[in-house]
Novice: 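Sharing a structure, written as C-alpha cells. Questions coming.
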Amino acid sequence: MKFAALALAGMLAAFSAVAQQKPNPLDAVPDQMPFDVPYGMPIALQKAQAAINAAIADAHKRGWKMNVAVVDPGGRLIAFARMDGAQVASVAIAEHKARAAAIYRRETKVFENGVQAGFNYLLTLDDIIASRGGIPIVEDGKLVGAIGCSGGTGSQDEVTCKAGLEGLKR
Amino acid sequence: MKQRPMLTLEDCKKISAAAEAEARKNNWNVCIAILDDGGHLLHLVRMDGATPANARIAVEKGRTAAETRRSTANWQERVGKRPEMLRMPGITPVQGGLPIVVDGVGLGGVGVSGVQSHEDEQIAAAGIKTLG
C-alpha cells in the first residue's frame, strides 16, 4: 500500500515536471473578452420563420431532411420545423446547437475545432455541443438569437444554417 | 403490414397557422407546439410577446397529449381526483394540450401556452380542426 502510494506520488511529480517544460496555451491572458457581442431583444417570430423557411427551401433543393430551430438570446425556442422524414434524434440536437450558439455567443464550430485541436476540457463546460451547425443571429451588432440545424453531417447542417441566415438578408 | 399515418410539415403549417389566427383574433400572444406520436417536436411558433416559459410549457403539454392520446384537461381532471397520478412519467396535467387523432389513430399532439388554460385549449382545438 505504502509502496503504491509512493509510486503514485513519483508519477505525479514526473508528470508535473513534463507539464512545466511544455508551455500551456491556456495560460495566455488576452486583453479583450472573446466573442463579446451584446445581447439584444429576441428576434421577431416573423424573422425567425423567414430564416427557417429559407433553410428548409435550400435543404429541400438538395434533397436533405433537416430539423431547424431558432432560439432567443437565452436559448429558448422561438420557432422550429422538422422536414418530412428528418431524423428524430436531430430534433434535440438542432435545438441544442442553436441554444449553445446563443448562450456562448459563437458558432458551435468553435467548439468542434477546439476539441479537434485537443482541448477536451471544452466538453466539461455546461451545455456544450462540439459540432458545427449552430450559428448566432446578430442584428445591428446585437445578438438576437441563434439558428441550429441537424439531420445530416455537421457540414450539411452548417450549409442549411447559412442558407437560413441568408434568408434574413432578403 | 399495417400502415401508419404521419403528420407532414404541410399539415403542421396548416394546424399552426389556424391556431395562430385564433390567438391573433383574440389578441393573445402564445406559443404553439406540434409533436409527433412519439412526443418529438415537429413544429413550434412562439408569437412575439410570449415568454420563454410558454415555449417549454407548450411543448410539455403537447407531449403529454401526444404520448397518452388524451387531452391534458383530462389529465388535470384525473390528477384532481387521484393525486397519485402526478407520479405518472412525463405528464403535464394542465389544460391546453390536445391529441391529434385521425381515424382512431393517435398521430401526435398540439400544446399551447400563453393565456388562460381553457383559452390555450381553444387555440389548440382551432388548429386541429383544420385537419378535417
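Source: prediction; values computed, not measured. Note on naming: letters A, B, ... go to the chains in the order of the sequence lines (proteins, then strands), and numbering restarts at 1 for each one.
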Novice: Connecting only ILVMFWY residues whose side-chain heavy atoms lie within less than 4.5 Å of each other, what is the rest of A:Leu77's hydrophobic cluster?
Specialist: A:Val71, A:Phe80, A:Val91, B:Leu35, B:Leu41, B:Leu44, B:Val59
Novice: Applying the 4.5 Å side-chain criterion to the ILVMFWY set and letting contacts propagate, would B:Ile32 and B:Leu131 be lumped into a single cluster?
Specialist: yes
Novice: Pair up each side-chain donor or acceptor in residues 91-111 of chain B with any protein partner under 3.5 Å, not counting sequence neighbours, and list the distances.
Specialist:
residue: B:Gln95; atom: NE2; partner: B:Glu121; partner atom: OE1; Å: 3.1

Novice: So which donor and acceptor atoms of chain B and chain A come within less than 3.5 Å of each other?
Specialist:
residue: B:Leu9; atom: N; partner: A:Asp84; partner atom: OD1; Å: 2.7
residue: B:Asp36; atom: OD2; partner: A:Arg82; partner atom: NH1; Å: 3.3
residue: B:Asp36; atom: OD2; partner: A:Arg82; partner atom: NH2; Å: 3.0
residue: B:His40; atom: O; partner: A:Arg82; partner atom: NH2; Å: 3.1
residue: B:Leu41; atom: O; partner: A:Arg82; partner atom: NE; Å: 3.1
residue: B:Leu41; atom: O; partner: A:Arg82; partner atom: NH2; Å: 2.8
residue: B:Leu42; atom: O; partner: A:Arg82; partner atom: N; Å: 2.8
residue: B:Leu44; atom: N; partner: A:Phe80; partner atom: O; Å: 2.9
residue: B:Leu44; atom: O; partner: A:Phe80; partner atom: N; Å: 2.9
residue: B:Arg46; atom: N; partner: A:Ile78; partner atom: O; Å: 2.7
residue: B:Arg46; atom: NE; partner: A:Leu77; partner atom: O; Å: 2.8
residue: B:Arg46; atom: NH2; partner: A:Asp72; partner atom: OD2; Å: 2.8
residue: B:Arg46; atom: NH2; partner: A:Arg76; partner atom: O; Å: 3.2
residue: B:Arg46; atom: NH2; partner: A:Leu77; partner atom: O; Å: 2.9
residue: B:Asp48; atom: OD1; partner: A:Leu45; partner atom: N; Å: 2.7

Novice: Under a 4.5 Å side-chain heavy-atom rule over Ile, Leu, Val, Met, Phe, Trp and Tyr, are A:Val88 and B:Leu42 clustered together?
Specialist: no
Novice: Please look at A:Ile56 and chain B and tell me whether the side chain, the backbone, both or neither of the residue comes under 4.5 angstrom of a heavy atom of that chain.
Specialist: side chain
Novice: Does B:Gln116 have any side chain to side chain donor-acceptor pair (under 3.5 Å) partners at least two apart in sequence or in another chain, and if so, which?
Specialist: none
Novice: Does A:Val110 belong to the same Ile/Leu/Val/Met/Phe/Trp/Tyr cluster as A:Leu122, with side-chain heavy atoms less than 4.5 Å apart forming each link?
Specialist: no
